[in-house]
Amino acid sequence: MSTHIGANKGDIADTVLLPGDPLRAKYIAETFLEDVTCYNEVRGMYGFTGTYKGKRISVQGTGMGAPSIAIYANELIQEYDVQNLIRVGSCGALQKDVQVRDVILAQTSTTDSQMNRMVFGNIDYAPTADFGLLKKAYDVGEEQGLNLRVGNVFTSDSFYRENAMELFQKLAEYNVLAVEMETTALYTIAAKYDRQALSVLTVSDHILTGEETTSEERQTTFNDMIEVALEASVK
Ligand SMILES: O=P(O)(O)O[C@H]1O[C@H](CO)[C@@H](O)[C@H]1O
Ligand SMILES: O=c1cc[nH]c(=O)[nH]1
């Protein structure tokens, strides 16, 4: 057992999908995996292990924000020796040509989070997706006919930010595709321990237009993202 995960060594697979929402973890396990066991209920942050097309895969909720995902990424790597960490999250679009329901592969991330400043001081470290996972996910998306976007996402420390539009417009000007809250921490921790990480994100709302998905639509579109992550895991 680690501090926040109540699993025994060996209970967690080499590859773990990481949704922010623990109920999305439950949905993924129940909908896509076979022979599922629940290995974690600590803090209601569900973790499950099952098989997908015969390969052992786990899915672990991370909570929201860099500090929370950092707890789970650190413990999954250091206590359970996880090799591949694939976030399956939602995000808000910052570009006019990024549509609600699009799936984004985060090639890199930009952040206002203090977490990397604590490590690197004034150096601007560039958190980067694992190229092998990124390529596999991109190829899967192409095969499935999805309009995948690949690029820079903003990992924000604040969901409710004062004067947000000014910053979002600046980020959009510099080709940042969308805003979410975890990728920078995930990529940085994976790099430190020489593990593979990728964030696959579904656009749940549009910052510029205010368009939002319904809960039913989110479920369907999230399925595209989940299938991209699972297929990339077994490719
Ligand atoms: O849907 P998840 O994976 O939680 O991701 C996004 O949603 C949360 C905010 O509502 C943040 O965690 C953000 O990154
Ligand atoms: O607008 C959004 C949507 C999802 N997640 C975020 O952090 N922001």
Side-chain angles (χ1 to χ4, degrees), residues 5-7 10-42 44-64 69 72-73 76-77 80-91 100-106 129-130 132-150 180 182-183 186 190 195-204 213-235:
I5 302 174
D11 286 350
I12 303 179
D14 282 353
T15 297
V16 182
L17 268 53
L18 300 167
D21 181 356
L23 292 180
R24 193 180 313 140
K26 188 166 184 277
Y27 170 77
I28 293 169
E30 288 174 349
T31 311
F32 293 91
L33 302 184
E34 293 179 340
D35 302 323
V36 173
T37 55
C38 178
Y39 65 74
N40 190 53
E41 292 187 352
V42 176
M45 202 59 74
Y46 294 123
F48 302 89
T49 298
T51 60
Y52 179 77
K53 298 193 172 172
K55 180 173 171 170
R56 226 168 147 246
I57 303 268
S58 294
V59 52
Q60 171 66 58
T62 66
M64 292 181 273
I69 196 171
Y72 293 96
L76 288 170
I77 291 169
Y80 299 99
D81 202 21
V82 168
Q83 301 296 317
N84 305 301
L85 300 98
I86 306 178
R87 169 164 154 70
V88 281
S90 64
C91 64
V100 172
R101 292 177 282 276
D102 278 357
V103 178
I104 294 176
L105 305 179
D130 175 71
L133 278 181
L134 179 67
K135 183 171 186 313
K136 283 180 194 170
Y138 186 79
D139 290 347
V140 167
E142 289 278 285
E143 285 159 23
Q144 295 187 351
L146 300 176
N147 176 31
L148 286 188
R149 304 297 304 261
V150 182
E180 54 85 73
E182 290 84 13
T183 296
L186 176 64
R195 308 300 160 100
Q196 290 73 53
L198 175 67
S199 280
V200 187
L201 306 168
T202 300
V203 178
S204 57
T213 46
T214 64
S215 54
E216 195 181 348
E217 283 176 318
R218 284 180 195 210
Q219 184 117 329
T220 313
T221 317
F222 278 16
N223 283 354
D224 288 342
M225 165 180 76
I226 293 160
E227 281 169 14
V228 165
L230 286 169
E231 288 293 327
S233 302
V234 299
K235 211 172 165 67

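Shortest non-hydrogen contact noted between Ile12 and Ile5 is CD1-CG2, 4.0 Å. Smallest separation of non-hydrogen atoms from Val36 and Ala29: CG2-O, 3.5 Å. Residue Gly61 comes nearest to Ala25 through the heavy atom pair N-CB, 3.9 Å, listed as atom of the first residue, atom of the second, then distance. Across Ala106 and Leu198, no two heavy atoms sit closer than the pair O-CD1, 4.1 Å. Here the closest heavy-atom approach between residue Ala197 and residue Leu186 is recorded as CB-CG, 4.0 Å. In this structure, Leu148 and Ala137 approach most closely via the heavy-atom pair CD1-O, 3.6 Å.
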Step by step, would you call Gln144 with Glu231 a side chain to side chain contact (heavy atoms under 4.5 Å, CB included)? CA-CA 10 Å; Gln144 295 187 351; Glu231 288 293 327; 3.9 Å; yes
Going through the checks in order, is the side chain to side chain contact (heavy atoms under 4.5 Å, CB included) test met by Asn84 and Asp130? CA-CA 9 Å; Asn84 305 301; Asp130 175 71; over 6 Å; no
What do the steps show when you test Leu17 against Val200 for side chain to side chain contact (heavy atoms under 4.5 Å, CB included), and what is the final call? CA-CA 10 Å; Leu17 268 53; Val200 187; over 6 Å; no
Evaluate salt bridge (charged side-chain N to carboxylate O under 4.0 Å, His left out) for Asp81 paired with Arg195, printing each intermediate quantity in order. CA-CA 9 Å; Asp81 202 21; Arg195 308 300 160 100; 3.1 Å; yes
Show your working on side chain to side chain contact (heavy atoms under 4.5 Å, CB included) between Glu182 and Met64 and close with a plain yes or no. CA-CA 7 Å; Glu182 290 84 13; Met64 292 181 273; 4.1 Å; yes
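How far CG of Asp102 is from CG of Asp224: 10.5 Å, rounded to the nearest 0.5 Å. Distance CD1/Ile57 to CZ/Phe32: 12.5 Å, rounded to 0.5 Å. With rounding to the nearest 0.5 Å, the separation of NZ in Lys235 from NZ in Lys135 is 7.5 Å. Annotation: the span from Ile86 atom CD1 to Met225 atom CE amounts to 11.5 Å, rounded to 0.5 Å. Rounding to the nearest 0.5 Å gives a distance of 12.5 Å between CZ of Arg101 and CG of Asn147. From Ser90, atom OG reaches atom CZ of Phe222 across 4.5 Å, with rounding to the nearest 0.5 Å.
The number of heavy-atom neighbours closer than 6.0 Å to CD of Glu41, taken from other residues, nucleotides and ligands shown, is 12 or below.
Between Val82 and the options Asp14, Leu18, Thr15, Val16, a side chain to side chain contact (heavy atoms under 4.5 Å, CB included) holds for only Val16. If you run side chain to side chain donor-acceptor pair (under 3.5 Å) between Gln60 and each of Tyr72, Tyr46, Tyr39, Tyr80, only Tyr39 comes through.
A donor-acceptor pair under 3.5 Å is absent between the side-chain atoms of Tyr52 and the main chain of Ser233, judged by distance alone. Looking only at distances, no side-chain donor or acceptor of Arg87 sits under 3.5 Å from a matching main-chain atom of Ile69. Side chain of Thr51 to main chain of Arg56: no donor-acceptor pair is present (N/O by atom type, distance under 3.5 Å, no hydrogens or angles). Of the possible polar contacts, one joining the Asn40 side chain to the Met45 backbone as a donor-acceptor pair under 3.5 Å is found.
The shortest side-chain heavy-atom distance between Asn223 and Tyr27 falls under the 4.5 Å cut-off.
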